[in-house]
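Here is how names work: the chains are called A, B, and so on, in the same order as the sequence lines, proteins then strands, and each is numbered from 1. Just so you know, these numbers come straight off a predicted model, no measurement behind them.
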Amino acid sequence: MSIEYVPVSEGEQEEPIELPTEEDGSLLLSTVAAQFAGASGLKYRAGGRLRGLRLVDERLSPPAEGWAAHRYWCAFPRSSPSPTPRPRCSDLIVLGLPWKTGEDAVREYFAAFGDLLMVQVKRDAKTGLSKGFGFIKFAEYEAQLRALGRRHMIDGRWCDVRIPNGKDGGASAHRKVFVGRCTENLTAEDLREYFAAFGQVTDVFVPRPFRAFSFVTFLDPEVAQSLCGQDHIIKGVSVNISTASPKRERGGGGARGSQLLGWGLVEAGGGAARVFNWAGDAWPQQPPHSAATPHPALDKPYLKYE
DNA sequence: GTTGAGCGTT
């Protein structure tokens, strides 16, 4: 038997593509799938009825009357009830809320990103004063993606939306990379813009004062992992990317005493001036909440900056 | 000058 060409289309209405048979007169399913990805068989119309082609060992057999008597189109697997289980929304933490901002304002702000299932502003149990952070949950994952993809100006302050620690099985470690050999002119915005080409960036951390490294967190852990070990040139600077090791798992003591900035540091005096010596970048590492806008309950002196 | 701020009374 010689090779002949069989007209096959994706659906009954579409334009056919002619596919070659094998020497034995069969048509390989792989030949069909090469043109129609995911096809699982072929069917045709015989009289008024639909008929399916016999398929054995990946070979489609012609109908008794031969290939030329019909034209054929593809059968596809019945789409499973949940073809691609969409990622589910998680609670999101909103950091850096102004003290005055309550649930209503948070809800009103984030409603622009999508329907909200939950809004919380965390408050001190005794005083009822805001702790400066809260939690939200969207109904749609797309809304969550939109909110994670940028920073947020709420009641006059830049706020960050992140996937909370502890949820997500602590997977944030796998979503984050350490960017070494940074120079001082590499801003958080530069990094976000550069790394966005590899996948959605959910967080950029650039220590202040300058420390020659940064952290970039991606939505997809595979993106983060794929970058590890590489050198990249950003704005002419060759940076090195490696895994972000958990905060505490690194030895050495040194300047570790100043971990708890914030209220306590204010009264520490000496080093404070340097600590608050940030520059106004586009992706500002905002001044510590308490120093920039003292909590109304704070009656202690705090360090002002200009 | 290569490892980070802050994380939920249920």
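Under 3.5 Å, the side chain of K176(A) and the base of dG4(B) form at least one donor-acceptor pair of N or O atoms.
A distance of 12.5 Å separates CD of E140(A) from CZ of R88(A), quoted to the nearest 0.5 Å. Atoms CD1 and CD, from I3(A) and E23(A) in turn, are 5.0 Å apart once rounded to the nearest 0.5 Å.
Among dT3(B), dT2(B), dG8(B), the nucleotide with an atom closest to any side-chain atom of D91(A) is dG8(B). Which of dG6(B), dT9(B), dG4(B) sits closest to the side chain of F213(A) comes down to dG4(B). Side-chain proximity of F215(A) to the nucleotides dT3(B), dT2(B), dG1(B) is greatest for dT3(B). When each of dG6(B), dG8(B), dT3(B) is scored by its nearest atom to the side-chain atoms of R157(A), the top-ranked nucleotide is dG6(B). Candidate nucleotides dT9(B), dT3(B), dA5(B) were compared by shortest atom distance to the side chain of K131(A), and dT9(B) ranks first. Minimum atom distance to the side chain of F205(A) is reached by dA5(B), of the listed dG8(B), dA5(B), dG6(B). Of the candidates dG1(B), dT2(B), dC7(B), the closest approach to any side-chain atom of R162(A) belongs to dC7(B).
Screening residues 6-16 of chain A for side-chain hydrogen bond (donor to acceptor under 3.5 Å, both in side chains), with sequence neighbours left out, gives S9(A)-R71(A), E12(A)-R45(A).
Rounded to an integer number of Å, the gap from CZ of F210(A) to C1' of dT3(B) is 14 Å. Protein atom CZ of R123(A) is 17 Å distant from nucleotide atom C1' of dG6(B), rounded to whole Å. Atom CG of D203(A) and atom C1' of dA5(B) are 11 Å apart (whole Å). Between the CG atom of D160(A) and the P atom of dG4(B) there is a distance of 18 Å, rounded to whole Å. Rounded to whole angstrom, the span from the CD1 atom of I241(A) across to the P atom of dT3(B) amounts to 16 Å. Atom P of nucleotide dG4(B) and atom CZ of R208(A) are separated by 16 Å, given to the nearest angstrom. With rounding to whole Å, F133(A) atom CZ is found 11 Å from dG6(B) atom P. The CG atom of L117(A) sits 21 Å away from the P atom of dG8(B) (whole-angstrom rounding).
Residues M118(A) and N240(A) both approach DNA chain B. Their nearest nucleotides, taken by heavy-atom distance, put N240(A) toward the 5′ side.
Remark: R211(A) is not in phosphate contact with dT2(B), judged by side-chain N or O atoms under 4.0 Å from OP1 or OP2.
Each of P63(A), S61(A), S26(A) was evaluated against R54(A); a single residue qualifies, S61(A), per the side chain to side chain contact (heavy atoms under 4.5 Å, CB included) test. Each of I136(A), L116(A), V121(A) was checked for a side chain to side chain contact (heavy atoms under 4.5 Å, CB included) with R107(A), and the lone residue meeting it is L116(A).
Checked against side-chain hydrogen bond (donor to acceptor under 3.5 Å, both in side chains), Q225(A) has no partners two or more places apart in sequence or in another chain.
For the pair F135(A) and dG8(B), the ring geometry qualifies as stacking, because the centroid separation is below 5.5 Å while the planes lie within an angle under 30°. With centroids closer than 5.5 Å and planes inclined by less than 30 degrees as the test, F178(A) and the base of dT3(B) pass as a stacked pair.
Nucleic acid contact class of S214(A) (heavy atoms, under 4.0 Å, all strands): none. Within 4.0 Å (heavy atoms only), G96(A) reaches at least one base atom of the nucleic acid.
An anti base is found at dG6(B): its glycosidic angle is more than 90° from 0.
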